[in-house]
Amino acid sequence: MDLGLKGKSVIVTAASKGLGKASALEFAKEGAHVLISSRSKDELKSTVEEIKRETGNDHVAYIVCDMKKADDIERLVEKAISWNGTVDVLVNNAGGPPAGKFLDMTDEEWYHAFELNLLSFVRTIRKVVPYMQKQKRGAIVSIASSSMFQSLDNLVLSNTMRPGVVGLSKTLARELAEDNILINTVGPGIIQTDRINDLYQFTAEQQGVSIDQVIEEVKTIPMGRLGKPEEFAKAIIFLGSGANTYITGQTLVVDGGSVRAL
């Protein structure tokens with residue numbers, strides 16, 4: 001299937017590793033012009049070189065961007081415009097907030113989670129939408145979490161912010177439908193990334209058990225294994241591609257069948 005991504009201008013934020021990196025790699029495989037961002041210049045440079053090497057696509061670039069800073073986000077979009085003239089696809093992504101229980105969280109941590117996991121998405125969307133409206137097409141995919149549907153233990157910050165991303169996406173999907181801008185949200189279940197490894201470590205320390213014991217929860221996944229980053233990324237690619245022409249305002253969880261809530 002031709003996904004219609006060749007030569008398209010794509011931004012993937014927080015993409016030096018994990019799910020963002022996996023998504024950027026899949027877009028590059030399809031011939032898109034991919035601009036990635038994160039806070040680490042060294043990691044970004046290494047990731048761009050890796051993506052170019054694996055895909056043979058030289059149209060991959062990076063810019064350092066702290067998603068909590070409005071000025072950084074503005075520079076990110078400006079670079080995409082100067083490089084490609086427009087933005088066809090935006091993949092909103094940001095690192096997960098710290099783990100912990102409600103009474104452990106300070107006001108500072110709440111503000112940090114809001115800025116990183118909700119306000120940053122608002123800011124990037126605000127910057128790219130005028131270009132998408134001008135060309136009367138575009139796709140925005142926001143990466144959230146399975147906590148959109150089912151709260152997760154020790155992740156009160158994520159459980160609170162992620163549903164806000166869903167509300168934002170659903171609202172904008174209706175507001176911007178007349179401009180042919182499709183907006184969807186995708187949440188990962190347990191995908192094998194550094195983030196999951198960190199959460200396993202935190203849970204093991206909280207419970208006073210080994211990481212191996214915590215990983216036993218994999219047995220609760222109906223498919224009996226952790227998801228692979230590339231499996232998650234394929235959902236992002238489809239929703240952001242020319243193959244998707246009518247799916248908008250939807251919330252998808254890629255989790256091997258774990259979440260039972262509708």
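As the structure is a computational prediction, the values presented were derived from the model and not from experiment.
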**Student:** Look only at the side chain of N92 and the backbone of I125, and say whether a donor-acceptor pair between them is shorter than 3.5 Å.
**Tutor:** no
**Student:** For the residue pair I73 and S120, what are the closest heavy atoms and their distance?
**Tutor:** CD1-O, 3.9 Å
**Student:** For I247 and F238, what are the C-alpha separation, side-chain angles and deciding distance, and is it a side chain to side chain contact (heavy atoms under 4.5 Å, CB included)?
**Tutor:** CA-CA 10 Å; I247 299 172; F238 171 74; 3.7 Å; yes
**Student:** Could you measure the distance from the CD1 atom of I51 to the NZ atom of K21? Nearest 0.5 Å is fine.
**Tutor:** 7.0 Å
**Student:** Would you indicate whether the side-chain heavy atoms of V77 and Y131 approach each other to under 4.5 Å?
**Tutor:** yes
**Student:** First locate atom CG of L182, then atom OG of S241, and finally report the distance between them rounded to the nearest 0.5 Å.
**Tutor:** 10.0 Å
**Student:** With rounding to the nearest 0.5 angstrom, report the CG to NZ distance, L157 to K101.
**Tutor:** 13.0 Å
**Student:** Between K136 and D179, does any side-chain N to carboxylate O distance fall below 4.0 Å?
**Tutor:** yes
**Student:** Pairing donors with acceptors under 3.5 angstrom, does anything connect the side chains of S147 and S158?
**Tutor:** yes
**Student:** Going through the checks in order, is the salt bridge (Lys or Arg N to Asp or Glu O under 4.0 Å) test met by D42 and K45?
**Tutor:** CA-CA 5 Å; D42 289 342; K45 184 177 180 180; over 6 Å; no
**Student:** State the CD1-OG1 distance between I11 and T124, to the nearest 0.5 angstrom.
**Tutor:** 8.0 Å
**Student:** Closer than 4.0 angstrom, basic N to acidic O: yes or no for R123 and E115?
**Tutor:** no
**Student:** Going by heavy atoms in the side chains, are S145 and Q150 under 4.5 Å from each other?
**Tutor:** no
**Student:** If you round to the nearest 0.5 Å, how far is CD1 of I190 from CG of L152?
**Tutor:** 8.5 Å
**Student:** Between T185 and S142, does a side chain to side chain donor-acceptor pair (under 3.5 Å) hold up when you go through it step by step?
**Tutor:** CA-CA 5 Å; T185 309; S142 292; 5.3 Å; no
**Student:** Answer with yes or no whether the side chains of T86 and Q135 bring together a donor and an acceptor at under 3.5 Å.
**Tutor:** yes
**Student:** Can you tell if the side chain of H112 reaches within under 4.5 Å of the side chain of K68, non-hydrogen atoms only?
**Tutor:** yes
**Student:** Sequence neighbours excluded, which residues qualify as side-chain hydrogen bond (donor to acceptor under 3.5 Å, both in side chains) partners of N84?
**Tutor:** S9, H33
**Student:** Is there side-chain contact between S146 and P188, with heavy atoms separated by less than 4.5 Å?
**Tutor:** no
**Student:** So, do T55 and L25 sit near enough that their side-chain heavy atoms are less than 4.5 Å apart?
**Tutor:** yes
**Student:** Let me have the donor-acceptor pairs involving side chains of residues 34-41, under 3.5 Å, with sequence neighbours excluded, atom names and distances please.
**Tutor:**
residue : atom : partner : partner atom : Å
S38     : OG   : S16     : OG           : 3.3
S38     : OG   : S40     : N            : 3.2
S40     : OG   : E43     : N            : 3.2

**Student:** Give the minimum heavy-atom separation between L176 and I183, together with the two atoms involved.
**Tutor:** CD1-CD1, 3.7 Å
**Student:** Measuring only between side-chain heavy atoms, which start at C-beta, is M161 closer than 4.5 Å to V165?
**Tutor:** no
**Student:** Taking only residues two or more places apart in sequence, or in another chain, which ones meet K29 in a salt bridge (Lys or Arg N to Asp or Glu O under 4.0 Å)?
**Tutor:** E26
